[in-house]
Amino acid sequence: MKSEPDVFSIDDLMRSPGITEPWDGVRNYQARNMLRDEMKKGDLALFYHSSCEEPGIVGIMEIVKEGYPDSTAFNPKHKYYDPKSKADNPAWYRVDVKLKRKLNRTITLTELRDTKSLQNMKLMQRGNRLSVMPVTKKEWNIILSLENKKIM
DNA sequence: GCCAACGTTGGC
DNA sequence: GCCAACGTTGGC
């Protein structure tokens with residue numbers, strides 16, 4: 001799950017009450033489908049910092065509430081307001097995430113690109129812009145094995 | 001700031 | 001339904 005740290009960072013999540021926050025503001029249908037249909041309570045997710053100095057994976061989260069309507073879309077004053085989404089037929093969904101732990105260090109995008117066994121990851125695919133995307137168990141294990149392996 | 005690669009919009 | 005124009009994402 002991607003977030004721009006200037007908007008919402010792993011440290012913001014650490015400071016949240018109960019280290020839990022709704023992951024809202026996703027306005028892309030493919031990503032919406034994953035939030036609404038795919039992600040289950042107890043699932044784990046990687047927190048990715050995008051559009052920043054050091055893009056990469058910074059933490060592990062747990063889904064603590066499954067997809068439910070993103071009410072920020074209903075509020076005309078909210079920055080995520082979307083008039084197309086109505087309370088009786090919501091277009092956008094969110095999940096609640098809880099921080100499991102912050103990684104010892106950022107596993108950078110460069111490093112992921114340099115890892116041969118991760119070349120098929122969704123994240124690596126050209127022009128990929130999804131803010132929520134699947135990670136296979138195998139990829140997950142490889143990624144986390146990098147955490148304590150090499151210091152860039 | 002640039003630009004590639006998408007997604008969305010709207011005229012026809 | 002097509003497709004050009006426009007907007008957005010996100011790495012660099």
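Labels below follow one simple rule: chain letters A, B, ... track the order of the sequence lines, proteins then strands, and each chain is numbered from 1. Keep in mind it's a predicted model, so treat the numbers as computed, not measured.
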Parallel, tilted or perpendicular: ring planes of A:Trp23 versus A:Phe47, cut at 30 and 60 degrees: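 It falls in the perpendicular class, over 60°.
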
Residues forming a ring pair (Phe, Tyr, Trp, His ring centres under 6.0 Å) with A:Tyr68, sequence neighbours excluded: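 Testing A:Tyr68 for ring pair (Phe, Tyr, Trp, His ring centres under 6.0 Å), a comparison that skips the adjacent residues, returns none.
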
Under the ring pair (Phe, Tyr, Trp, His ring centres under 6.0 Å) test, residues paired with A:Tyr80 that sit two or more places apart: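 A:Tyr80 satisfies ring pair (Phe, Tyr, Trp, His ring centres under 6.0 Å) with A:His78 only.
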
Under 3.5 Å donor-acceptor, A:Glu147 side chain and A:Leu103 backbone: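 No; zero donor-acceptor contacts below 3.5 Å.
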
Aromatic centroids of A:Tyr29 and A:Trp92 separated by under 6.0 Å: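 Yes, they do, as the ring centres are separated by less than 6.0 Å.
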
Sugar-phosphate only, base, or nothing, as touched by A:Arg113 at under 4.0 Å among non-hydrogen atoms: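 Sugar-phosphate only.
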
Sugar-phosphate only, base, or nothing, as touched by A:Gln125 at under 4.0 Å among non-hydrogen atoms: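 The residue A:Gln125 makes no contact with any strand.
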
Interface limits on DNA chain C, where chain A has a heavy atom under 4.0 Å of a nucleotide atom: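 Going 5' to 3' along DNA chain C, contacts run C:dG7 to C:dC12.
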
